[in-house]
2 protein chains.
Amino acid sequence: MLSAAPAKVSAMTTTSPQGRTELLRPDGSPVRVLVVDDELSITELLSMALRYEGWQIRSAGDGTGAVQTAREFRPDAVVLDMMLPDMDGLTVLGRLRRELPDVPVLFLTAKDAVEDRIAGLTAGGDDYVTKPFSLEEVVARLRGLIRRSGAADRRSESVLVVGDLTLDEDSHEVSRGGDNIHLTATEFELLRFLMRNPRRVLSKAQILDRVWSYDFGGQANVVELYISYLRRKIDAGREPMIHTRRGAGYLIKPATS
Amino acid sequence: MLSAAPAKVSAMTTTSPQGRTELLRPDGSPVRVLVVDDELSITELLSMALRYEGWQIRSAGDGTGAVQTAREFRPDAVVLDMMLPDMDGLTVLGRLRRELPDVPVLFLTAKDAVEDRIAGLTAGGDDYVTKPFSLEEVVARLRGLIRRSGAADRRSESVLVVGDLTLDEDSHEVSRGGDNIHLTATEFELLRFLMRNPRRVLSKAQILDRVWSYDFGGQANVVELYISYLRRKIDAGREPMIHTRRGAGYLIKPATS
DNA sequence: TGCGTTTCTCAGGGAAATCACAGGTTGCCG
DNA sequence: CGGCAACCTGTGATTTCCCTGAGAAACGCA
């Protein structure tokens, strides 16, 4: 769907050999993202996940470094922890904005600080996620920001399609063969992950790492449980699209094949 | 979109991928707005929000800078704080008018300011909002000013329509299926925000940031409360148009789908 | 100033979502 | 074909999120 870009416009999405759809900048170069957090484990985690998206990543551990890196790296988006050691989050934001007036920012905040100093942060089209976050959530939000900022293709749609199954990332609507399907937040994220990797086996560990928060300490069989939920809603009485590869994981693919 | 413009009027709106309608100038370039305020946090907030509308923004912190910037930037509209450090608001206005005789001005005033003087000023087609303002209010007023000044767009754009629900931004009239509905000021702004982003999930944070004043420090559940009020007036006994996406936010869409 | 309207806080109720647990089922291997 | 591991799914406890009534405070208008 997305890969069937019209010829007259320079292609701004491309489909990787594995079937993944990636965002690209107008000139065809990879999207650039700057990650700013003082916890090394977080920047590492994010860098890895975002690189996996095919993006080019730099990271910084404090406000000073963030501004410096932004100046020469000129990212298309920034992931910014609001709690930095050397300066207040809003100060960093201000200095970043002086360097890159139009760059969209995804804020990371502690859950209990949500009310605290979040006010106004989404007003300019920016967005935020609370710690602990899931990687799928961060990636999805970033994709949304980049898409809307115009740094990448305007036509890269917010709708994922696999066979007769569609998932709209803006309206959070899912339908199969025209029938609307209501999903819970977790079901939605799981399905989005599957649909962003069609025909590709995803292990339970991978799924846990991407769809659940990084601090999730529960049983690994939640994945089985949620796959079960999804099947009930999506495959119920139809040709199944979600398949188990015993000992390997799960995959989704169009029913007809 | 642009190429399909009617012959007599050049196209002046375009629809973004998200379904949002943007104002454009007759030649297709973005609308230009100059923001003048001495508080940095205010100019930053406004710049961010107005840029998100797709407009081109410059800002100034005092009257001298305002006049200078206006001279070379030649904005289509000006947002002007009446309390500037270096000169009286009226003086700034006069000098701006010498540069740009026809540019519409949106005044920012403190709530307790002498309203009769402002009222006199707005007789010429200008407008004003009192601090603390909500971003939806500023954006709406600016859109109105720009529309009426003829710098962009045809007149018909002041009515938002979603399904059988209509909202007139000029007369503040709302009706569903022919029935007139009375809304309070806050309800109206909330509904306008929803209707300007149909079929799109808006988080409570986004709604708070846009619809409530920037200094609102209250509980986030006012949003829930006002959604509740809106439902009572708009969805009462009808097919619901306002939907909750648990854990994500709210969205409005035509009843039939 | 007084009264109706609007905005907002607070708190209880209730529904939905998440997840652990455990027993049942399936597929694979020897 | 038996046994084991991997997987599926029903049940229900717990938590989270949302809705809304009641009333206090602020506002606006006469």
Side-chain angles (χ1 to χ4, degrees), chain A residues 111-112 114-115 119 130 132-134 136-137 172 174 181-191 194 201-208 211-213 215-237 240 242-251, chain B residues 110-112 115-116 119 130-134 136-137 172 174 181-191 201-205 207-208 211-236 240 242-251:
Chain A
K111 179 143 202 172
D112 49 0
V114 169
E115 306 294 335
T130 56
F133 48 77
S134 80
E136 268 301 291
E137 200 184 343
H172 282 218
V174 175
I181 296 173
H182 171 80
L183 299 185
T184 72
T186 308
E187 290 164 358
F188 181 83
E189 289 220 342
L190 171 55
L191 182 60
L194 292 174
V201 175
L202 302 166
S203 73
K204 276 185 271 192
Q206 269 179 303
I207 293 175
L208 254 190
V211 176
W212 270 261
S213 316
D215 73 338
F216 179 79
Q219 307 296 319
N221 87 327
V222 277
V223 177
E224 296 170 20
L225 187 60
Y226 272 85
I227 289 283
S228 163
Y229 291 158
L230 273 187
R231 281 180 167 145
R232 209 172 296 169
K233 293 181 177 178
I234 285 168
D235 286 347
I242 300 173
H243 305 269
T244 304
R245 287 282 173 274
R246 197 163 229 269
Y250 302 93
L251 73 99
Chain B
K111 184 145 216 168
D112 49 0
E115 301 236 346
D116 44 328
T130 56
K131 288 186 179 185
F133 48 78
S134 80
E136 270 300 292
E137 199 184 344
H172 277 221
V174 174
I181 296 173
H182 169 78
L183 298 184
T184 70
T186 308
E187 289 164 358
F188 180 83
E189 290 220 342
L190 172 55
L191 182 60
V201 175
L202 301 168
S203 72
K204 276 182 269 194
I207 294 174
L208 259 188
V211 175
W212 269 261
S213 316
Y214 54 80
D215 72 339
F216 179 80
Q219 308 297 319
N221 87 327
V222 277
V223 177
E224 297 168 21
L225 187 63
Y226 272 84
I227 288 282
S228 165
Y229 291 158
L230 271 188
R231 281 181 167 144
R232 222 171 283 172
K233 293 182 176 179
I234 285 168
D235 286 347
I242 300 173
H243 304 268
T244 303
R245 286 280 172 276
R246 200 161 215 271
Y250 300 94
L251 73 101

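Every chain is numbered from 1, with letters handed out A, B, ... down the list of sequences.
Between S228(A) and dT9(D) there is a side-chain polar atom (N or O) within less than 4.0 angstrom of OP1 or OP2. Note on R232(B): a side-chain N or O is less than 4.0 Å away from OP1 or OP2 of dG21(D). In terms of phosphate contacts, K204(B) brings no side-chain nitrogen or oxygen within less than 4.0 Å of OP1 or OP2 of dC17(D). Residue Y250(B) places at least one side-chain N or O closer than 4.0 Å to OP1 or OP2 of dC19(D). At the phosphate of dC18(D), neither OP1 nor OP2 sits under 4.0 Å from any side-chain N or O atom of H243(B).
Between the side chain of D235(A) and the backbone N or O of I242(A) there is at least one donor-acceptor pair closer than 3.5 Å. Between the side chain of K233(B) and the main chain of H182(B), a donor-acceptor pair closer than 3.5 Å is present.
In this structure, E187(A) places its CD atom 7 Å from P of dA17(C), rounding to the nearest Å. Atom CG of D235(A) and atom P of dC8(D) are 12 Å apart (whole Å). To the nearest angstrom, P of dG4(C) lies 16 Å from NE2 of H182(B). L191(A) places its CG atom 17 Å from the C1' atom of dA17(C), with the value rounded to the nearest Å. When the P atom of dA16(C) is taken as reference, atom CZ of R245(B) falls 14 Å away, rounded to whole Å. For I242(B) and dC19(D), the CD1 to C1' distance is 14 Å, given to the nearest whole Å. Rounded to whole Å, the distance from CG on L230(B) to P on dT7(C) is 11 Å. Spacing between atom CG of D215(B) and atom P of dC8(C) amounts to 10 Å, rounded to whole angstrom units.
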Original post:
Which nucleotides of nucleotides 19-24 of chain C have their base under 4.0 Å from a protein heavy atom (B), which only their sugar-phosphate (S), and which neither (-), written as one string 5' to 3'?
Top reply: BBBB--

Subject >> Test log, rule side-chain contact (heavy atoms from CB on, under 4.5 Å), inputs Y250(A) and Q206(A) >> reply: CA-CA 10 Å; Y250(A) 302 93; Q206(A) 269 179 303; over 6 Å; no

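Side-chain contact, S203(B) with R245(B): no donor N or O sits under 3.5 Å from an acceptor N or O.
For an aromatic pair to be called close, the ring centres must be under 6.0 Å apart, and Y226(A) with W212(A) satisfies this.
Nearer the 5' end of DNA chain D, as judged by each residue's closest nucleotide, is the contact made by T244(A), out of T244(A) and I227(B).
Residues V211(B) and L190(B) come closest through the heavy atom pair CG1-N, 3.8 Å. Contact between R232(B) and A236(B) at its shortest, heavy atoms only, is O-CB, 2.8 Å. The nearest pair of heavy atoms linking H172(A) to F188(A) is CA-CE1, 3.7 Å.
Here I207(B) contributes atom CD1 and E136(B) contributes atom CD; the two are 10.5 Å apart, rounded to the nearest 0.5 Å.
Side-chain atoms of R246(B) come within donor-acceptor range of the base of dC17(D), with a qualifying N/O pair under 3.5 Å.
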Original post:
Dot-bracket, DNA chain C: Watson-Crick or G-U, under 3.5 angstrom, [ ] crossing, | other strand?
Top reply: ||||||||||||||||||||||||||||||

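Checked against side-chain hydrogen bond (donor to acceptor under 3.5 Å, both in side chains), S134(A) has the following partners two or more places apart in sequence or in another chain: E189(A).
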